[in-house]
Structure formats: structure tokens, C-alpha cells
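All of these numbers come straight from a predicted model, not from anything done at the bench.
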Amino acid sequence: MPVSRRRFLLATVLPMLTVGVTGALAVASGQQTAAEADSGTGSSTVLPASTTGGSVVQIVAHPDDDLFFMNPDLSRSLLTGTPLTTLYLTSGEADGRNEANGGAAKDPQQPADRGKYAEARQNGIRSAYAQMATGNRASAWRRTVIPTAGGGQAELDVLVAKPHINLVWLQMREARAPVADTPDSLHGLWNRRIPVLMPQLATGTPVRQQFTYTKDQVIAAVSGILERYKPTTIRMQDPTPGRYADTGKYTDHQDHMYGARFAQAAAASYAARVPVGQRPRFAVQNYLGYHNGTLPHALDPQTAETKIGFLKTYAWQDKQNYCGSPSGCGDRKVAGSPTGHNWAQSLRYARADNSSWLVQGTTGRLYAFAALDGQMAVWNRGAGTGTGAAWQGPVLLPGTGIDPGASTVRFPDGRVAVLATRTVLGTHPQDYRREIVYATQSEPGGPFGAWVALGTPETTDEAGTSAISSPSAAADNNGLLTVYVRDSRRTLRARVQQPSGDFAGWQQLGGTDLQSDPVTATDAAGRRHVYAATTQSVIAWIQPAPGAPLAGPFPTGLPATTVPLTAATEAAGVRLYFRRPDSGVVRTAVVTAGAGAAKPAVSSVTEAGGRAGYGAVGVAGRLISGRADSGTVSTTGLGGPPAWTESGMLYAGAPAGTQEPGGTTTTAVLGLDAELHVTTTRPTPTRPTWHRAVPQA
């Protein structure tokens with residue numbers, strides 16, 4: 001076994017060695033599968049619920065979308081014993097020719113067989129999952145048929161050695177082209193250009209019934225799968241990936257985009273149909289797709305190598321007939337390029353990759369926010385600091401359609417506001433859109449009012465697929481908000497609240513190639529800073545004086561990042577935190593405003609502790625939190641030892657932190673169990689101890 005592969009497996013598996021063999025997690029969380037109930041083989045090695053917990057359902061358009069775009073989150077979930085089910089909407093049959101580099105597609109004598117190619121892709125997925133979960137690609141699966149709530153049938157595959165790992169295949173027809181106009185597709189069904197979508201059954205599938213699905217039946221089928229497995233985390237692709245400005249083409253495969261919209265609608269239906277008490281609350285995580293290929297690599301070489309190894313298994317690179325299938329043991333189209341188009345070296349979240357969702361209110365009070373069940377959940381901690389202060393919640397604010405990813409702002413009087421984007425599904429296809437919303441406390445420490453909609457800078461969903469970022473906001477000394485958002489053209493837009501309380505129209509603040517969510521901070525002189533990462537660097541907008549309009553955009557000259565940014569006030573400037581491409585090491589630099597509207601000064605780049613990881617980091621004073629190379633939430637210190645202190649806990653989104661009066665720091669994450677987990681450290685840091693903010697009854 002290569003050294004890098006051993007290091008990855010040891011980093012992921014070592015936390016499991018102290019845990020006994022138990023099936024309690026799968027049963028207690030309601031995740032015992034039908035196969036477990038039938039066979040009595042529900043036991044598996046798992047981490048304690050307080051450490052990892054929860055269960056995951058992944059919804060993807062094609063076989064391999066999970067391997068390219070959701071790994072290494074996927075493999076780490078499998079290795080920690082988290083109950084996990086992946087639902088494949090289409091068969092991914094493409095042109096029916098299973099040959100690397102399109103060789104057979106150029107041979108008119110080679111007959112196309114979409115059923116066989118679909119089966120080969122199924123075989124490759126089963127092999128890759130078996131390898132990730134057990135180390136043996138030939139580990140056995142039990143294949144059966146289950147009815148769907150949409151009136152069809154699906155294939156259910158259960159990994160015999162670890163029956164909490166399931167694969168579900170709806171086997172609908174795919175678009176067979178990433179961007180071409182193909183009405184017989186999820187796109188055409190969503191937009192009601194076709195009344196039903198036909199199946200494409202894989203050769204060898206136990207499903208024998210030919211069926212069709214209407215739009216509503218697809219939503220019902222997916223919603224029914226969610227009801228069957230009752231996940232606490234739902235992973236799906238990006239429903240609003242955007243378009244390229246020069247060509248107008250989608251930045252992602254149309255099946256990825258519209259498959260994610262079906263998943264959105266199904267999750268909303270599930271939340272509305274099945275009351276809490278009959279299901280757990282759930283969070284959603286969205287993953288960036290093809291656009292990863294245009295951005296700097298987000299994964300370190302060792303993690304990328306391991307991920308590519310699983311893709312090579314899926315691609316059946318050695319062509320050994322270990323699966324015994326005439327259709328082949330994997331997807332040979334991937335064999336010639338197991339990294340895809342520069343996809344395998346990255347994992348990025350399309351939403352909820354910012355660290356501004358934890359905020360201080362009145363003295364000693366903290367608020368944390370996350371989208372659960374499509375609503376905004378609020379946890380609050382009463383006055384006081386440290387482990388003795390009690391958290392309460394979550395309370396869900398009225399109103400549905402809230403997307404993953406919250407940001408916050410504190411007003412001068414101590415009131416707090418939470419901002420998010422909201423997806424409006426609507427009755428008709430053209431009704432689909434995302435808009436900015438915010439809710440504000442009526443008084444310091446008081447309840448939150450109704451959502452206020454600020455609309456969207458987009459003209460229509462069709463123009464840019466509603467591809468706006470999460471909002472960021474700041475309040476001036478008069479308590480008036482300015483809200484910033486990246487639009488689908490990848491420029492910065494803003495709406496400013498007027499003394500009347502109304503908002504002016506969307507301003508165009510410029511910038512090009514913006515990739516990250518905008519982040520805001522205010523320096524010690526009261527000047528507001530706004531930053532966004534591009535493909536190559538970071539650009540800035542800064543007030544020349546408190547209350548003045550933003551000047552910029554200014555180039556910072558900072559090196560390329562892996563996209564997410566975190567900003568924190570430091571002395572006379574603002575310190576930015578980001579990760580080094582092809583590494584994941586956390587880097588920092590301080591930006592100080594220039595005189596008047598002059599270009600800001602930027603310090604040299606320094607590196608914090610920890611050698612790898614991905615995603616945004618949380619900052620609480622000098623304490624940094626984020627994913628280590630094991631994928632767990634971990635902490636390190638700015639200027640401290642070059643290592644992460646690892647927790648063993650997987651989580652969704654990004655961590656958030658705050659430094660409280662007296663120097664105490666509090667850091668929070670949303671676990672895969674859809675629970676808020678926190679750690680509090682004194683001014684003299686000790687090893688962080690994570691726990692549920694609100695203990696389970």
C-alpha cells in the first residue's frame with residue numbers, strides 16, 4: 001500500500017479503534033435498513049453518536065457524481081460507520097459504449113448497448129463503495145427491488161458486510177449530453193416540456209417493470225426514499241450552478257442541475273409531509289460540480305491520490321473480471337482520465353461554506369443559525385461565558401425554502417439579524433428563483449421578526465440560473481444595513497437601507513471573476529472592508545472613511561486561494577484567512593486601508609498550523625477551526641504548533657467562532673446529526689472538548 005494511502009487510512013480509522021462493535025447508532029437514529037431488519041445483521045463498527053452520529057442520504061444524477069464531487073466526504077462517512085444511502089436518479093447510460101477515451105464510440109462496428117453500459121457503471125459504483133467501506137472491491141452486495149412512492153420500482157443494493165450502506169437506483173433516462181437541448185431528460189421533465197420520462201433499465205437489474213415518471217411522481221419517489229431512510233444530512237448537487245459569461249452555457253451538467261432541483265423539491269415535500277417526531281430534523285449540503293475544473297485544486301495531494309484511487313476502481317482500470325459480469329466491472333469512459341476534467345483534486349460546497357453564522361448579541365449572549373428542514377434554526381446561549389452557560393434551541397423561524405448557509409450582523413444596540421437566500425419553487429417552472437432575505441430581532445435579546453425579502457439582482461432564473469452567493473451584511477452607526485451578494489455574472493452587488501427603512505435598488509460595485517461569497521469586517525477606525533476571492537487572487541473594497549461609500553475594487557496581490565475566505569478585525573486592519581491550493585494549509589494576511597481612496601497595504605502571507613484540509617475556517621481570536629486532512633473538525637492556533645488538534649467528528653458546512661469578553665473563545669459546528677456542537681476554551685487554551693450544545697433528553 002502506498003505511504004500516502006496508509007497515512008490517509010490511519011488518519012481516518014484510528015479514532016475508530018477505541019470504539020466497541022455496536023449497532024446502536026443505526027437503530028437509535030431510525031436508520032436500520034430493511035435488509036438489517038430481515039437479516040438481523042445490523043451491527044457495525046461506529047463512532048459514538050456524540051462524536052459523529054446521524055445518517056446521510058446522497059442524491060445524485062449519475063453514477064460517479066458522488067465519487068467526483070462528494071468525495072472525500074463520502075469515504076470518510078463510510079469509514080466512520082455513518083449510515084449512508086446514495087440515490088442515483090438516472091442510469092447514466094450516455095451513448096452505450098463502455099470504452100476508455102471514446103475508442104469504441106469511433107468504431108461503427110462496435111454496437112451501442114445502453115443497458116450494458118448502465119450495468120457496467122453500477123458494477124463500478126458497487127466496487128468503489130465496497131473498497132471505500134471494507135477495503136475489498138469484490139465485497140458482496142444483496143440486490144433487491146423496492147416500490148417507489150412515485151409508482152415505479154427501484155433497485156436496492158445492500159452491502160452485505162456493512163448493511164447500513166445502501167445504494168438505490170431509480171434508473172431514469174439521462175440527458176445524454178451535458179448542455180445540448182434534449183427534452184427527454186430531467187431538464188425537460190422539470191420544465192414540463194415532456195409529460196413523462198422513460199426508464200433506462202440496466203442489464204442485470206432485478207427491476208423488470210417498465211415504468212414512467214411524471215414530474216410530480218419523481219418528486220414523490222425521491223421524497224419517499226427520504227422517508228424510508230430518515231436522514232439527518234442530505235447531500236445533493238448544485239441546483240443553481242450558473243452560466244459561463246462568454247458562451248451562456250451551464251457551468252455544470254444539466255442533469256446535475258435539474259436533478260438537484262428535484263432533490264430540493266423532494267426534501268421540501270418530505271419536510272412538509274412527515275412531522276418531526278416521526279423523523280429527525282435534517283440539514284442539506286450542496287456540492288459544486290464541473291466548475292471545480294476551472295478553480296485551483298482544493299485537496300492536498302495525498303487526499304486527492306486516495307480519491308483518485310477509488311475512481312480508478314470505479315473505472316475498472318485493470319480490466320480483471322472480478323465481478324463476473326459480461327457488461328464489465330466498471331466505467332471505462334473514466335479509465336482514460338480518472339481525474340475527470342480537473343474535478344478529482346477538489347471538493348467544494350456550493351453553499352454553506354462561510355463562517356459568519358455565530359454572533360454575539362447583548363453581553364454574554366450568543367446566537368447560532370443553520371437551515372434545518374428548509375427553515376432557519378436558531379440556538380441561543382444565555383448571558384455568561386464558558387461551559388456553565390446554557391444553550392437553548394433550536395427554534396425554527398416561520399417560513400420555508402431557506403437555503404443552506406446563514407450569515408449574521410450585529411447592530412450597535414446589540415440586536416442581531418440573520419441573512420440567507422431563499423429558494424422559491426413556485427407552481428410553474430418559470431417561478432423558480434432565489435432571493436435574499438433577512439430577519440431582525442425586535443429588541444436586544446428579543447425574538448426575531450418575520451423574514452424581509454430583498455429580492456435578487458438577477459433578472460430571471462433562465463438568465464443565470466439564480467446563481468447568487470450567500471449574502472454578507474454590515475450595519476452602520478445608525479443601525480442601517482448594507483447587504484452584499486455576488487451575482488451570477490460574478491460581480492459584486494449591494495442594497496443599502498435608507499433612513500426610511502426601505503432599501504435602494506441593487507448597486508453595481510464591480511469586480512470580475514468573483515468566486516467566493518463576499519465577506520465583510522470593520523477595522524478599528526470604523527472603516528468597512530469587503531473581500532471576495534477570484535480564480536487568481538483576492539480583491540477588496542474599503543471605505544476611505546467611516547460611513548463613506550466603498551472604494552474599489554482594489555487588487556490585493558494575494559496568491560490564489562481554494563476560494564472560501566474568512567475575515568476578522570485585527571488592530572488597524574482586517575486579517576484574511578484562506579487555504580493554499582494543492583495543500584489545504586491555512587494562510588493569513590492583514591490588509592490595512594490606504595489613505596483616502598488609495599490602494600490598501602497588504603502584509604506578507606503567513607501560514608498557520610496544520611498541513612492540510614479543505615473548506616472555510618472559523619476564527620475565534622487566535623484559535624482557528626476547520627477540517628484537518630482527516631476531514632474532522634479540528635483546531636489550531638495562529639502562530640501555534642504546526643498541527644491540528646482533531647476531534648474525530650465529521651460535520652456539515654463550515655465552523656464558526658467568536659472571542660468573548662475576557663478572552664474566552666467559543667467555536668461551533670453543525671454535526672452530521674443536524675445538532676449544534678460547541679467547544680469553549682479559556683484565555684489559556686487547553687485541548688478543545690466538543691459536545692452537543694443542547695444535550696439530548
Quick one: list whatever passes side chain to side chain donor-acceptor pair (under 3.5 Å) with [X], sequence neighbours left out.
X	result
Ser407	none
Thr566	Ser355
Asp517	none

Using modelled atom types only, decide if a donor and an acceptor are shared between the side chain of [X] and the backbone of [Y] within a distance under 3.5 Å.
X	Y	result
Thr232	Leu672	yes
Gln285	Gly653	yes
Gln58	Arg235	no
Asp476	Asn478	yes
Ser625	Pro655	no
Asn286	Arg351	no
Gln543	Ala548	yes

Parallel, tilted or perpendicular, as decided by the 30° and 60° cut-offs, for the rings of Tyr349 and Tyr614: tilted

Close side-chain approach of [X] and [Y], heavy atoms under 4.5 Å:
X	Y	value
Glu660	Thr666	yes
Val538	Leu576	yes
Ile624	Leu638	yes

Nearest heavy-atom neighbours spanning Val418 and Met376: CG2-CE, 4.0 Å

Nearest heavy atoms of Ala283 and Leu670, plus distance in Å: CB-CD2, 3.6 Å

Arg489, CZ: over 12 other non-hydrogen atoms inside 6.0 angstrom: no

Gln508, CD: over 12 other non-hydrogen atoms inside 6.0 angstrom: yes

Salt-bridge test for [X] and [Y]: reply yes if a basic N is under 4.0 Å from a carboxylate O, no otherwise.
X	Y	answer
Asp513	Arg490	no
Arg422	Asp403	no
Glu570	Arg622	yes

Ring centers of Phe68, Phe310 separated by less than 6.0 Å: no

Apply salt bridge (charged side-chain N to carboxylate O under 4.0 Å, His left out) to [X] and list each qualifying residue two or more places apart in sequence or on a separate chain.
X	answer
Asp413	Arg415
Asp73	none
Arg495	none

Axial cation check for Phe69 ring with Arg348, 6.0 Å and 45° limits: no

Tyr290 and Thr251: CA distance, side-chain angles, deciding distance, side chain to side chain contact (heavy atoms under 4.5 Å, CB included) verdict: CA-CA 6 Å; Tyr290 284 177; Thr251 64; over 6 Å; no

